[in-house]
Amino acid sequence: MKLLVFEYITGGGLVGQTLPASLVAEGLLMLQALLDDLKQIPAVQILLPLDQRCTGLTLPANVKVFPVKESDYIGQILTQLITQ
């Protein structure tokens, strides 16, 4: 089973805008906690859009990252991932 995980700040919701450091820190903490929990489910593949400016996550093996660049449109990326 595939699961799309999207945390707004770290996932590219503010692509092309300044990322507030405090929101990035909170977003990364929440995202890491969720990924740590989801790695316990062996049958799940996680699709993760991730703003390329957000680093420092420890990614489980069942996570496939889709880097979000400054020139990307997050709506299009999410639409593509949802169809998967």
Nearest 0.5 Å please: distance from the [atom1] atom of [X] over to the [atom2] atom of [Y].
X     : Y     : atom1 : atom2 : value
Met1  : Gln45 : CE    : CD    : 11.5 Å
Leu48 : Phe66 : CG    : CZ    : 9.0 Å
Ile82 : Leu4  : CD1   : CG    : 6.0 Å
Leu3  : Leu81 : CG    : CG    : 11.5 Å
Thr55 : Leu28 : OG1   : CG    : 7.5 Å

Show the nearest heavy-atom pair for residues [X] and [Y], with the distance to one decimal.
X     : Y     : value
Met30 : Glu7  : CE-OE2, 4.0 Å
Ile74 : Gly12 : CB-O, 3.7 Å
Lys2  : Gln84 : CD-O, 3.5 Å
Thr18 : Pro20 : O-CD, 3.3 Å
Phe6  : Pro49 : CD1-CG, 3.7 Å
Leu35 : Pro60 : O-CG, 3.7 Å

remark   = Residue set satisfying side-chain contact (heavy atoms from CB on, under 4.5 Å) with Gln40, at least two apart, ordered chain then number -> none

key: Gln32 (side chain) donor-acceptor with Leu34 (main chain) under 3.5 angstrom   = no

task = Give a yes or no answer on whether the side chain of Asn62 reaches the backbone of Val44 with a donor-acceptor pair at less than 3.5 Å.
result = yes

inquiry  = Here's a test for you: under side chain to side chain contact (heavy atoms under 4.5 Å, CB included), which of Asp51, Leu14, Leu19 qualifies with Val24?
reply    = Leu19

query = Side chains of Asp72 and Gln76: is there a donor and an acceptor less than 3.5 Å apart?
reply = no

query = Shared ILVMFWY cluster between Ile46 and Tyr8, side chains joined below 4.5 angstrom?
reply =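 Ile46 and Tyr8: one cluster.
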
query = So Leu50 and Leu57, side chain to side chain contact (heavy atoms under 4.5 Å, CB included) or not? Walk me through it.
reply = CA-CA 10 Å; Leu50 187 63; Leu57 288 172; 3.9 Å; yes

